[in-house]
2 protein chains.
Amino acid sequence: MKSTINDVAARAGVSIKTVSRVINNEPSVRPATRQKVMDAVEALHYQPNLAARNLAGTRSYTIALIYDNPNAYYVIDMQNGILEACKARGYELLIHPSNSKSTNVNDELRALVEHSKVAGLVLTPPFSETQSVIDEVKKLGLDYVRIVSSGAAEGDEDNCIQVDDTAAAFDITKHLIENGHKRIGFLAGGEEHVSTHGRLEGYKEALQQAGISIDPDLIIPGEYSFDSGVSGAKALLEKDNPPTAIFASNDEMAAGALFAARLMHIEIPAQLSIVGFEDSPFSRQTWPKLTTAHQPNSEIAKCAAALVLNKARSKSASESASANKDAGITKKFVPELLVRDSTGQSPA
Amino acid sequence: MKSTINDVAARAGVSIKTVSRVINNEPSVRPATRQKVMDAVEALHYQPNLAARNLAGTRSYTIALIYDNPNAYYVIDMQNGILEACKARGYELLIHPSNSKSTNVNDELRALVEHSKVAGLVLTPPFSETQSVIDEVKKLGLDYVRIVSSGAAEGDEDNCIQVDDTAAAFDITKHLIENGHKRIGFLAGGEEHVSTHGRLEGYKEALQQAGISIDPDLIIPGEYSFDSGVSGAKALLEKDNPPTAIFASNDEMAAGALFAARLMHIEIPAQLSIVGFEDSPFSRQTWPKLTTAHQPNSEIAKCAAALVLNKARSKSASESASANKDAGITKKFVPELLVRDSTGQSPA
DNA sequence: AAAACAAATGACAACGCTGTCAATTTGGCG
DNA sequence: CGCCAAATTGACAGCGTTGTCATTTGTTTT
């Protein structure tokens, strides 16, 4: 049967409290004793019982992921990353999908906290960028980490994992410019996302640096959806002086743009280059495969979770090495350019 | 602060044990007493503490979802459905993604059960259709529900939620036939999935019933992927006597088929009809939108979870109404034909 | 070498609930 | 009315941890 802390204590010849100290990495345990205990833990394959810990302790061993995102790929990636971090530290994950339209997120948050003791929260866009949600989380006194587009980190950098959309968009645009493109269309994502603005910013910066003037006519507002990509690209391509390249704000839109181009019998990439953003499976389910910026969602989530876990832990009175605590946690990601088959030289 | 069972007991003027009886729906509580307690529960917004329950009780209030499926849409749908059922009954969900290639699922199962007391399991394809996994689950004495294609339910119907792929495939094919199609290509999914065979079966039955002979040349083996859809459709359309309609075994393949057709400048649905299966977001991200069979994954998952929860509960010694226990749980689903824009009259 | 202090360890009571079993109440019946 | 079985209720001991605080052991200091 499963072994308990008593078994370990007996085997190591110490009290259960000492075992508790060792497995919680508390100070005031002699190295020799610590070793004895760890050996016993090893031998018995001991794993602390989560229910007991949650019940007895002041701190909890559960974190929650709150999301409201229609993009299944994104959610799954996030989840997997967080799960990985949790598993490594013996925490449990509570999944909480939420619909910001039909329910009041703040109420849900409160209920969540009251019902299950939760150690911390991982917030993803759009919640992570919504002030009222952030305020509520703070009010509840919860540890949290927000996964946000760089612009939304403000004075809260300690609690953010940032994605530098601007830098990545800059790189993508630069790639197009280096391929001789001078007229580059931009399909913007939803206004409410901070990333939308960041990506546009990067696009503009790259053009400016290359001395190419910005043509507002080539910037089409839209949403992060396939349909929006289709209509945006159409609008662009039906112009008198159409662009030779299109920067779609995400892969889904790029797929739509690709489709629109195909409908108009435009060859990709010979006559038109198209880029996406995110490196979601979408970008591999098109023909040709999309040039895009790889956004390591799973890794991002893993870092976010690790950060929350550290926060929760450091609250517990005694903490040994709080110095290099956050070692190995990247707090700022720059999606990397991934050149595939949808971009090429500008047709002169 | 959060109220406990003691608060409720005090307010209702009974012992905590009686409160426990009421919230667990145990018999032997006088209606009047029950009411008093329920009023107190109501007034105090009492919610039983999960950690305490898990620790104290013999049964657990956690079920697990084990999956190994690359289709993010599918997984999210499943998850949401299960989560809904869990929330309704006060259970918690443990998510366990697994990779059958890199790890041994059976070991993972064992670890899962030993570590966290788990009340039951929801298994999805391909695990739900893998004998060795099923055997292990049984050996561990776990309650489980398998979500399977009808063919795989065998003598285990009590533990299965079935999806009748054959019936749905029959309906889809019939729809094509009714539109005058006589040469219908079939793009098959992965051999290892039971659904693949079921769908092919339905296709054949419909043809036979319509008196159309089955042309093996029109049945192309493949996988449930976009690329497979592209190449399969190409193979079909490059034939001397190409089909006028293509039945792709899922939406992803259908999207691929659509793309291949587009590349060959074939108009959809004027020159060629294409159908998918599943009604995943894929089917709405194509142009034209796909005719498909709606597979209510979220609902299926919800039923599966409800069933597991019932199993787990009925084990607990005292159960009042075990008669109509499974009321409202559908155990067999037939995906429903959804006619959209990718199918039309056969040219000719 | 003893006193004084700090570090390491342990005993024991929670945590909020369920399970067991004993105590009490109820209702039916002679 | 009183007695007995059945139905209802309650007292209390865990479940496997952590937190508190007392105790023991080790290390300085003088």
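Quick note: numbers below take in every heavy atom, side chains included, and nothing from hydrogens, waters or symmetry partners. First the proteins, then the strands, lettered A, B, ... as listed; each starts at 1. Fair warning: this is a prediction, and the values are worked out from it, not measured in the lab.
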K.L.:
To the nearest Å, how far apart are A:Ile16 CD1 and D:dT18 P?
P.N.:
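My rounded result for the distance is 9 Å.
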K.L.:
Would you name the heavy atoms of A:Met78 and A:Asn297 that are closest together and state the gap between them?
P.N.:
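Closest pair (atom of A:Met78, atom of A:Asn297, distance): CE-O, 3.8 Å.
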K.L.:
Indicate whether OP1 or OP2 belonging to D:dG10 is found under 4.0 Å from a side-chain N or O atom of B:Ser15.
P.N.:
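For D:dG10, OP1 or OP2 has a side-chain N or O of B:Ser15 closer than 4.0 Å.
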K.L.:
Decide whether A:Thr103 and A:Glu108 meet the rule of one side-chain donor and one side-chain acceptor closer than 3.5 Å.
P.N.:
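Yes, a side-chain donor-acceptor pair sits under 3.5 Å.
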K.L.:
For the pair B:Arg110 and B:Asp107, find out whether any cationic side-chain nitrogen is under 4.0 Å from an anionic carboxylate oxygen.
P.N.:
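Yes, this pair counts.
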K.L.:
OP1 or OP2 of D:dG10 less than 4.0 angstrom from a side-chain nitrogen or oxygen of B:Thr18, does that happen here?
P.N.:
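Looking at the OP1 and OP2 atoms of D:dG10, one of them is under 4.0 Å from a side-chain N or O of B:Thr18.
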K.L.:
Examine the side chains of A:Asn159 and A:Asp156 and answer whether a donor and an acceptor come within less than 3.5 Å of each other.
P.N.:
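A donor-acceptor contact under 3.5 Å links the two side chains.
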K.L.:
Counting only side-chain heavy atoms from C-beta out, which of C:dA14, D:dG19, C:dG16 sits nearest to A:Ala56?
P.N.:
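Per side-chain heavy atoms of A:Ala56, the pick is C:dA14.
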K.L.:
Is a salt bridge present between B:Glu136 and B:Lys139, judged by a nitrogen-to-oxygen distance below 4.0 Å?
P.N.:
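A salt bridge is present here (some side-chain N lies under 4.0 Å from a carboxylate O).
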K.L.:
Give a yes-or-no answer on whether the side chains of A:Asp39 and A:Gln35 include a donor-acceptor pair shorter than 3.5 Å.
P.N.:
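Short answer, yes.
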K.L.:
If you check the B:Val29 side chain, which of D:dT9, D:dT18, C:dG10 turns out closest?
P.N.:
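The nucleotide sitting nearest to the side chain is D:dT9.
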K.L.:
To the nearest Å, how far apart are A:Lys2 NZ and D:dT17 C1'?
P.N.:
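Between C1' of D:dT17 and NZ of A:Lys2: 12 Å.
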K.L.:
Calculate the interatomic distance between A:Ile23 atom CD1 and D:dT18 atom C1'; express it in whole Å.
P.N.:
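Those two atoms, CD1 and C1', are 9 Å apart.
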K.L.:
Please write out the pairs of protein N or O atoms and N or O atoms of nucleotides 22-28 of chain D separated by less than 3.5 Å, giving the distance to one decimal.
P.N.:
none

K.L.:
Of A:Arg53 and B:Thr33, whose closest DNA chain D nucleotide lies nearer the 5' terminus?
P.N.:
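That would be B:Thr33.
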K.L.:
Considering only heavy atoms from C-beta outward, does the side chain of B:Val19 approach that of B:Val22 to under 4.5 Å?
P.N.:
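In short, these two side chains do not touch, never coming nearer than 4.5 Å.
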K.L.:
Quick check on C:dC17: is either OP1 or OP2 less than 4.0 Å from any side-chain nitrogen or oxygen of B:Tyr46?
P.N.:
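Yes, B:Tyr46 has a side-chain N/O under 4.0 Å of OP1/OP2 on C:dC17.
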K.L.:
Take the C1' atoms of the five end pairs on each side of the helix from C:dA1-D:dT30 to C:dG30-D:dC1, get both axes, and report the angle to 10 degrees.
P.N.:
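About 40°, once rounded to a multiple of 10°.
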K.L.:
With a 4.0 Å cutoff (strictly under), does any side-chain N or O of A:Ser20 reach OP1 or OP2 of D:dT17?
P.N.:
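So the side chain of A:Ser20 is outside the cut-off, no N or O lying under 4.0 Å from OP1 or OP2 of D:dT17.
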K.L.:
Checking side-chain polar atoms at under 3.5 Å, does B:Tyr73 have a donor or acceptor matched by the opposite partner on A:Asn71?
P.N.:
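Not at all, the side chains of B:Tyr73 and A:Asn71 share no donor-acceptor pair under 3.5 Å.
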K.L.:
OP1 or OP2 of D:dT18 less than 4.0 angstrom from a side-chain nitrogen or oxygen of A:Asn24, does that happen here?
P.N.:
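The answer is yes; a side-chain N or O of A:Asn24 sits under 4.0 Å from OP1 or OP2.
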K.L.:
Under 3.5 Å, sequence neighbours excluded: what are the donor-acceptor pairs made by side chains of residues 61-68 of chain A?
P.N.:
from    : atom 1 : to       : atom 2 : distance (Å)
A:Tyr61 : OH     : A:Asn24  : OD1    : 3.3
A:Tyr61 : OH     : A:Arg59  : NH2    : 3.2
A:Asp68 : OD2    : A:Ser100 : N      : 3.2
A:Asp68 : OD2    : A:Ser100 : OG     : 2.5

K.L.:
Please state how far atom CD in B:Glu26 lies from atom P in C:dT18, giving the value in whole angstrom units.
P.N.:
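The distance from CD of B:Glu26 to P of C:dT18 comes to 8 Å, rounded to the nearest Å.
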K.L.:
Let me know the distance between NZ of B:Lys17 and C1' of D:dG14, rounded to the nearest Å.
P.N.:
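So the NZ-C1' distance, B:Lys17 to D:dG14, works out to 12 Å.
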K.L.:
With a 4.5 Å limit on heavy-atom distance, are the side chains of A:Asn25 and A:Arg34 in contact?
P.N.:
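They are in contact (side-chain heavy atoms under 4.5 Å apart), so the answer is yes.
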K.L.:
Rounding to an integer number of Å, can you tell me how far B:Asn6 CG sits from C:dT18 P?
P.N.:
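About 12 Å, once rounded to whole Å.
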K.L.:
Rounded to the nearest Å, what distance is computed from the CG atom of residue B:Asn54 to the C1' atom of nucleotide C:dC17?
P.N.:
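Roughly 10 Å, once rounded to whole Å.
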K.L.:
Quickly work out the A:Arg59 CZ to C:dC15 P distance and round it to whole Å.
P.N.:
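One finds 19 Å between P of C:dC15 and CZ of A:Arg59, rounded.
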